[in-house]
Amino acid sequence: MAIIIKTPKEIEILREGGKRLATVLYKVRDIVKPGISTWELDEYAEKLIKDTGDYPAFLNYKPEGADFAYPASLCISVNNEVVHGIPKKEKILQEGDIVSLDLGLRHHGLFTDMAITVPVGEVSNSSLKLMKITEEALQTGIDAARGGNRIGDIGSAIENFVRRHKYGIVEVLSGHGVGKEIHEDPYIPNFGKANTGAKLVPGMVIAIEPMLNNGTKNVILDKDGYTFRTADSKRSAHFEHTILITEGEPEILTKI
Ligand code: MG
């Protein structure tokens with residue numbers, strides 16, 4: 001599949017969709033607290049999206065090779081879970097947890113994708129730092145995503161930034177093109193060599209999503225076929241934005 005360049009009309013739709021997605025995700029963040037189940041967070045996200053006539057992109061999405069379609073709207077990954085945790089009624093958030101909320105939205109047929117990791121009540125300083133550095137790693141990747149640069153410049157910038165900290169960068173999962181589908185070409189790894197890979201061209205829309213572990217970069221896929229966890233059970237954080245490549249600074253589409 002080739003990289004798809006979006007038209008000005010499509011970009012308008014993606015801009016509106018991204019704004020709606022960010023609005024929903026921040027509303028979900030605001031109800032995160034000790035005692036709430038991940039199932040309740042998912043129900044809330046789904047309701048907010050459907051209330052405005054849009055559709056949750058992950059609901060019933062079946063990735064290649066999966067045994068069953070993803071059964072929820074929101075991916076909720078707690079502590080040592082990296083991504084794609086499935087919401088459950090019996091999974092109750094506890095004071096001190098950190099929780100990654102990853103959500104996709106389809107607005108007028110086009111997709112945007114976003115993730116944040118948030119604290120549940122009071123959390124340890126090491127967890128706060130992990131979340132802060134992961135969010136900064138995302139911004140570092142975004143800063144490198146200028147028109148005329150290459151895909152490898154994004155991963156290289158993230159890798160160089162993270163190197164100062166003793167975090168594992170997850171390598172088996174990556175960012176991606178997004179828009180017509182929830183996952184499009186190209187892959188956007190969170191590591192790599194500067195000045196390599198496809199050129200970033202104005203009109204490209206990509207999701208950048210570093211996943212940093214407070215330990216090994218290695219992850220394990222659960223028996224459920226979706227949830228990835230750290231191999232050493234240490235915590236992981238995840239931040240993601242959908243951005244538009246322009247001639248200069250990229251534009252973050254998943255913002256209010
Ligand atoms: Mg994504």
Side-chain angles (χ1 to χ4, degrees), residues 13-33 36-63 66 69-79 81-88 91 93 97-120 131 134-135 138 141-142 170 173-184 188 205-211 224 226-228 236-244 252-256:
I13 293 170
L14 288 163
R15 197 174 274 132
E16 174 62 23
K19 190 173 157 187
R20 290 174 176 221
L21 173 55
T23 303
V24 169
L25 199 55
Y26 292 135
K27 280 187 177 168
V28 175
R29 173 191 64 189
D30 288 346
I31 68 160
V32 167
K33 60 174 186 210
I36 199 164
S37 71
T38 58
W39 187 85
E40 286 170 275
L41 297 178
D42 176 61
E43 286 283 290
Y44 186 51
E46 185 172 325
K47 184 188 182 307
L48 289 173
I49 290 177
K50 289 185 171 172
D51 277 354
T52 54
D54 294 323
Y55 194 79
F58 301 157
L59 183 61
N60 297 320
Y61 176 72
K62 194 163 181 281
Y70 190 74
S73 298
L74 188 58
C75 291
I76 310 179
S77 310
V78 182
N79 296 338
E81 297 168 350
V82 179
V83 286
H84 306 163
I86 300 175
K88 290 186 188 73
K91 189 151 185 174
L93 297 180
D97 286 346
I98 61 170
V99 56
S100 152
L101 308 169
D102 187 356
L103 190 62
L105 181 144
R106 189 182 74 211
H107 172 66
H108 290 190
L110 298 178
F111 296 90
T112 48
D113 195 358
M114 180 182 181
I116 53 176
T117 303
V118 300
V120 182
M131 291 187 286
T134 308
E135 192 168 14
L138 169 59
I142 292 171
V170 176
L173 298 153
S174 68
H176 49 90
V178 60
K180 301 251 188 185
E181 309 283 342
I182 190 70
H183 294 118
E184 290 175 4
I188 319 276
V205 174
I206 58 174
I208 303 179
E209 50 177 321
M211 289 147 265
D224 69 13
Y226 280 98
T227 315
F228 282 92
S236 184
H238 176 213
F239 282 84
E240 173 177 27
H241 272 307
T242 296
I243 67 165
L244 168 70
I252 296 175
L253 298 177
T254 40
K255 66 154 197 262
I256 292 175

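Note that the numbering runs from 1 along the sequence shown for the chain.
- In this structure, OH in Tyr61 is found 15.0 Å from OG in Ser73, a value given to the nearest 0.5 Å.
- To the nearest 0.5 Å, atoms NE2 (His84) and OG1 (Thr227) are separated by 9.5 Å.
- One distance of note links CD1 of Ile76 with OG1 of Thr38; it measures 5.0 Å at 0.5 Å rounding.
- The shortest side-chain heavy-atom distance between Pro210 and Leu138 falls under the 4.5 Å cut-off.
- Environment of NZ in Lys88: crowded, with over 12 heavy atoms of neighbouring residues, nucleotides or ligands closer than 6.0 Å.
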### Query
Where do Cys75 and Tyr226 land on the side-chain contact (heavy atoms from CB on, under 4.5 Å) test, with the steps shown first?
CA-CA 10 Å; Cys75 291; Tyr226 280 98; over 6 Å; no

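- Asp42 contributes a side-chain N or O that, together with a main-chain N or O of Leu74, makes up a donor-acceptor pair within less than 3.5 Å.
- Side chains of Thr117 and Thr134 form no contact here, defined as non-hydrogen atoms less than 4.5 Å apart.
- Among the candidates Val205, Thr254, Thr112, the single residue satisfying the side-chain contact (heavy atoms from CB on, under 4.5 Å) test with Val178 is Val205.
- A distance-only check finds no donor-acceptor pair linking the side chain of His108 to the backbone of Gly17 [under 3.5 Å].
- The existence of a salt bridge linking Arg20 and Glu16 is confirmed by a sub-4.0 Å separation between a basic side-chain nitrogen and an acidic carboxylate oxygen.
- The shortest side-chain heavy-atom distance between Val32 and Leu101 falls under the 4.5 Å cut-off.
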### Task
Please step through side-chain contact (heavy atoms from CB on, under 4.5 Å) for the pair Ile49 and Leu103, ending with a clear verdict.
CA-CA 10 Å; Ile49 290 177; Leu103 190 62; 3.9 Å; yes

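- Between Glu209 and Asp102 there is a side-chain heavy-atom pair separated by less than 4.5 Å.
- Nearest approach of Met131 to Ala237, heavy atoms of both residues: CA-CB, 4.2 Å.
- Contact annotation: the side chain of Val78 never approaches that of Ile98 to less than 4.5 Å [non-hydrogen atoms, C-beta and beyond].
- Rounding to the nearest 0.5 Å gives a distance of 5.5 Å between CD1 of Ile31 and OH of Tyr44.
- Shown here are the ring pair (Phe, Tyr, Trp, His ring centres under 6.0 Å) partners of His107, two or more places apart in sequence or in another chain: there are none.
- Two residues are said to be in side-chain contact when any heavy atoms from C-beta on lie closer than 4.5 Å; His241 and Met114 meet this criterion.
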### Message
Quick one, Phe111 with Thr242, criterion side-chain contact (heavy atoms from CB on, under 4.5 Å). Give me CA distance, side-chain angles, the key distance, then yes/no.
### Response
CA-CA 9 Å; Phe111 296 90; Thr242 296; over 6 Å; no

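- Every residue two or more places apart in sequence or in another chain was checked for a side-chain hydrogen bond (donor to acceptor under 3.5 Å, both in side chains) with Glu135, and none qualifies.
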### Task
In sequence, state the C-alpha distance, the side-chain angles, and the governing distance for Tyr70 and Ile86, and then conclude on side-chain contact (heavy atoms from CB on, under 4.5 Å).
CA-CA 8 Å; Tyr70 190 74; Ile86 300 175; 3.7 Å; yes

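- Taking a 6.0 Å sphere around NZ of Lys33, one finds it holds 12 or fewer heavy atoms contributed by other residues, nucleotides or ligands.
- Smallest separation of non-hydrogen atoms from Ile116 and Arg29: CD1-CB, 3.9 Å.
- Residues meeting the salt bridge (Lys or Arg N to Asp or Glu O under 4.0 Å) test with Lys91, sequence neighbours left out: Glu81.
- The distance from atom NZ of Lys180 to atom CG of Leu110, rounded to the nearest 0.5 Å, is 6.5 Å.
- Going from atom CG of Leu253 over to atom CD1 of Ile206 covers 10.5 Å, rounded to the nearest 0.5 Å.
- No side-chain heavy atom of Leu14 sits less than 4.5 Å from a side-chain heavy atom of Leu244.
- Here the side chains of His238 and Ser77 are not in contact, with every heavy-atom distance at 4.5 Å or above.
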